[in-house]
Amino acid sequence: MAQIKPSLAKGTRDFSPEEMERRNYIFRVIKKVFKKYGYQEIQTPSFENLSTLTGKYGEEGDKLIFKILNSGDFISKISPEKYAASTAKSLTPLLSEKALRYDLTVPFARYVVMHQNEINLPFKRFQMQPVWRADRPQRGRYREFYQCDVDVIGSESLINEAEFILIYHESLANLGLTDFHIKINNRKILAGFSEIIGKPHLLIDLTVAIDKLDKIGVEGVIKEMEEKGFNAQDISIIRPIIDLTGTNQSKIETLKKVLAHSEIGKLGIQELETVLRYAHKLNRLVDSFIEVDITLARGLNYYTGSIFEVKTNEANIGSIGGGGRYDDLTGMFGLKGLTGVGISFGADRIYDVLLELNLFPENTNRSTEVLITNFDIKAEDLALDILQLIRSKGFAAEFYPTTTKLKKQLAYADNKMIPFVILLGQEELETGLVTLRNMKSGEQQKLSKQDLLTFLIKNN
RNA sequence: GUGGUUUUAGCUCAGUUGGUUAGAGCGCCUGAUUGUGGUUCAGGAGGUCGCCGGUUCGAGCCCGGUAUUCCACCCCA
């Protein structure tokens with residue numbers, strides 16, 4: 001077999017033991033909060049039927065779905081005439097009928113519809129699994145990354161929204177982040193804008209343009225609106241709210257005036273106020289983390305109510321989480337009338353931020369607690385006895401597998417940050433006492449088996 | 001998908017107008033120390049210069065293609 005130079009596929013990464021230790025720390029912290037708020041874990045397959053995923057993420061989104069090539073001689077099933085008449089888009093379903101999941105929300109909707117008779121509404125689930133996107137990689141943007149999703153389906157109460165704000169706040173605070181904002185908006189407010197200028201069909205174009213405010217500025221947004229077919233009068237109505245500043249309350253007051261004649265807009269404001277009120281009631285400390293931001297649009301086509309996005313001000317890495325309410329997600333799979341709301345954490349971006357800010361706890365990469373050295377073959381029997389004795393008490397212990405120089409074995413323990421090393425050789429065999437070395441202080445003491453266990457238990 | 005950028009030892013990076021044998025720090029191995037790591041000292045190994053092709057007497061350096069990295073768009077976690 002020809003030698004292949006080893007390399008990773010674009011946008012993917014290996015995770016070392018140290019990185020896994022840190023990644024698991026993030027998952028552990030987030031999962032604990034999810035459970036605390038009554039959510040239960042599920043998992044869904046890495047890949048779904050292609051038809052389950054297509055059409056859910058918009059034109060651009062569909063292009064980013066990783067398709068899986070059919071097995072077998074799929075070419076023979078496509079006649080030359082058919083091939084000649086096809087486009088890349090029409091050919092795809094003939095070549096591929098499976099695809100890697102693009103997010104966790106659509107598979108969840110599929111799950112809810114398929115298991116509708118077993119689940120207990122309102123259904124509160126969380127899911128922490130990798131997703132794949134055929135995007136061009138950048139800092140904080142990978143082709144394989146983990147999302148941590150929490151959603152509740154079958155409850156229209158805005159208490160859910162308020163609790164998600166608390167979940168964001170509590171999780172990120174527990175991870176050591178202090179300077180972040182949970183941005184909130186409501187899709188109905190955006191719909192109100194397009195209603196008052198009489199162009200509801202341009203809602204998507206309007207939100208996409210407004211979304212770019214912090215990147216291209218007010219003039220840039222206006223220019224884009226002009227290109228999308230908004231006239232000067234439309235823009236004069238929208239302009240006062242594009243670069244809205246001030247407190248959340250003063251923003252809401254302005255919105256009330258602008259949207260006074262839009263029923264949907266007024267409903268959106270009312271929902272927004274209710275969410276803020278519930279969040280305040282549950283935990284006043286989250287108030288200062290919430291930022292009403294009407295430029296927040298989010299691309300996903302299915303949001304209908306509240307929209308969330310979390311940004312940290314301590315690192316330039318885009319958003320570390322997002323979510324919102326969708327009134328009709330399961331409708332695509334034939335189950336009407338179920339509303340859902342949920343949020344997602346981007347674990348990989350949170351990892352990058354914590355690493356940059358040096359917020360990972362120390363010693364998370366310690367695994368083995370005791371190493372038994374192996375430099376005298378005559379002591380092997382005793383070493384194996386002690387090894388299992390230590391393990392039986394619940395300590396992580398290992399025996400250096402080959403007889404070699406002590407120097408090398410201590411260097412191994414040092415690199416692996418093993419705090420205690422047991423030296424076992426001729427001397428120990430004669431006295432019946434083992435030598436225990438504290439790798440941090442360099443102190444050594446001779447102990448009987450029983451004293452050794454007592455010592456370890458005391459020092460754990 | 002569009003435009004730009006990066007790639008040289010295990011890692012982080014130098015490398016002059018194209019000119020003999022491509023360097024440093026860290027890491028690794030050996031020894032000082034045959035039962036003692038993290039410090040110190042001495043020595044050593046390790047490179048088809050991302051890959052393919054071209055120009056040239058001669059290419060790490062110039063040109064074309066390709067992969068990859070990062071950046072700006074698009075979009076998003």
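Chain letters run A, B, ... following the sequence lines, proteins first, then strands; residues in each count from 1.
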Starting at OH of A/Tyr400 and ending at P of B/U36, how long is that distance when rounded to a whole Å? 15 Å
Have a look at A/Gln409 and say if it touches a base, only the backbone sugar-phosphate, or nothing, with a 4.0 Å heavy-atom cut-off. nothing
Selection from B/C75, B/U36, B/G3 that lies nearest to any side-chain heavy atom of A/Leu410: B/U36
Rounded to whole angstroms, how far apart are CD1 on A/Ile317 and C1' on B/C71? 14 Å
In RNA chain B, consecutive runs of at least three Watson-Crick or G-U pairs below 3.5 Å, as range with range, amount to B:1-4 with B:70-73, B:10-13 with B:23-26, B:28-32 with B:40-44, B:50-54 with B:62-66
Is A/Met114 atom CE crowded by more than 12 heavy atoms from other residues, nucleotides or ligands, each under 6.0 Å away? no
Determine, for A/Tyr303 and A/Arg187, whether the Lys NZ or Arg CZ falls below 6.0 Å from the six-membered ring centre while staying within 45 degrees of the axis. no
Could you check whether A/Gly11 gets within reach of a base, just the sugar-phosphate, or nothing at all, counting any heavy atom under 4.0 Å? sugar-phosphate
Mind checking whether A/His169 and A/Phe180 have parallel, tilted or perpendicular rings, split at 30° and 60°? tilted
Provide, to the nearest angstrom, the distance between the CG atom belonging to A/Leu8 and the P atom belonging to B/G50. 18 Å
If the cut-off is 4.0 Å, is A/Lys405 near the phosphate of B/G31, judged by side-chain N/O to OP1 or OP2? yes
Please determine, for the side chain of A/Arg136, which listed nucleotide (B/G37, B/G31, B/U2) has the closest atom? B/U2
Out of B/C74, B/G35, B/G37, minimum distance to the side chain of A/Gln426 belongs to B/G35
Whole Å only: how far is the CZ atom of A/Phe180 from the C1' atom of B/A77? 16 Å
Which whole number of Å gives the distance between the P atom of B/A9 and that of B/C73? 32 Å
A/Arg437 NZ/CZ over A/Phe420 ring centroid, <6.0 Å and within 45° of normal: no
For a quick check of understanding: with a heavy-atom distance under 4.0 Å over all strands, which category does A/Val208 fall into, base, sugar-phosphate or nothing? sugar-phosphate
For A/Asp214 and B/A72, what is the distance between atoms CG and P respectively, to the nearest whole Å? 13 Å
Heavy atoms under 4.0 Å, any strand shown: does A/Glu59 hit a base, just sugar-phosphate, or nothing? nothing
If you pin A/Asp135 and A/Lys10 to their nearest nucleotides in RNA chain B, which one's is more 5'? A/Lys10
Do A/Asp414 side-chain and B/G37 base share a donor-acceptor contact under 3.5 Å? yes
Would you indicate, yes or no, if B/A77 has its OP1 or OP2 atom less than 4.0 angstrom from a side-chain nitrogen or oxygen of A/Lys311? no
Determine whether the side chains of A/Asp327 and A/Thr339 contain a donor N or O and an acceptor N or O closer than 3.5 Å. yes
Quick check: on RNA chain B, is the nucleotide nearest A/Arg349 upstream (toward 5') of the one nearest A/Pro137, or the reverse? Name the residue that is more 5'. A/Pro137
Closest of B/C75, B/A77, B/C28 to the A/Ser319 side chain is B/A77
Check whether the side chain of A/Gln444 and the base of B/G35 form a donor-acceptor pair under 3.5 Å. no
Expressed as a whole number of Å, how far does the C1' atom of B/U8 sit from that of B/G23? 10 Å
Nearest-Å distance, CG (A/Asp352) to P (B/C70)? 10 Å
At 4.0 Å (heavy atoms only), tell me whether A/Ala411 reaches a base, stays on the sugar-phosphate, or touches nothing. sugar-phosphate
Over all strands shown, is A/Gly140 touching base, sugar-phosphate only, or nothing at heavy-atom distances under 4.0 angstrom? base
Candidate nucleotides B/C75, B/C70, B/U36, ranked by approach to the side chain of A/Leu64 - the nearest: B/C75
What's the spacing between A/Glu41 CD and A/Arg125 CZ if we round to 0.5 Å? 10.0 Å
For B/U69, does the base pair up with any side-chain atom of A/Gln138 as donor and acceptor (N or O, under 3.5 Å, distance only)? no
Work out how far the C1' atom of B/G10 is from that of B/A77, and round it to whole angstrom. 32 Å
Students often get this wrong, so: under 4.0 angstrom with heavy atoms, is A/Leu423 touching a base, only sugar-phosphate, or nothing? base
Testing B/C71, B/C74, B/U36 for proximity to the side chain of A/Arg141, the answer is B/C74
Report which part of the nucleic acid A/Tyr142 touches: base, sugar-phosphate, or nothing (heavy-atom distance under 4.0 Å, all strands). base
Could you tell me how far B/G47 sits from B/U12 if I compare only their C1' atoms? Round to whole Å. 16 Å
Does A/Arg23 make a cation-pi contact with A/Tyr146 (under 6.0 Å, within 45 degrees of the axis)? yes
Between B/G50 and B/C11, how far is it from one P atom to the other, in whole Å? 13 Å
Rounded to whole angstrom units, what separation is found between the CD atom of A/Glu224 and the C1' atom of B/C73? 12 Å
Separation of B/U33 C1' from A/Leu406 CG (nearest whole Å): 12 Å
Base, sugar-phosphate or nothing for A/Gly58? Non-hydrogen atoms, less than 4.0 Å. nothing
Classify the angle between the aromatic ring planes of A/Tyr39 and A/Phe164 as parallel (below 30°), tilted (30 to 60°) or perpendicular (above 60°). tilted
Using the P atom in both, what is the distance from B/U68 to B/C28, to the nearest Å? 32 Å
P gap between B/G46 and B/C29, integer Å: 16 Å
Taking only side-chain N and O atoms of A/Lys212, does any of them lie within less than 4.0 angstrom of OP1 or OP2 on B/C73? no
Roughly how far apart, to the nearest Å, are B/U16 and B/C52 at atom P? 23 Å
Which class fits the ring pair A/Tyr412 and A/Tyr400: parallel under 30°, tilted 30 to 60°, perpendicular over 60°? perpendicular
Aromatic ring of A/Phe375 stacked on base six-ring of B/G35, 5.5 Å, 30°: no
Working to the nearest 0.5 Å, report the span between OG1 of A/Thr312 and CD1 of A/Ile320. 5.5 Å
Tell me, yes or no, whether the heavy-atom count around A/Phe455 atom CZ, taken from other residues, nucleotides or ligands under 6.0 Å, exceeds 12. yes
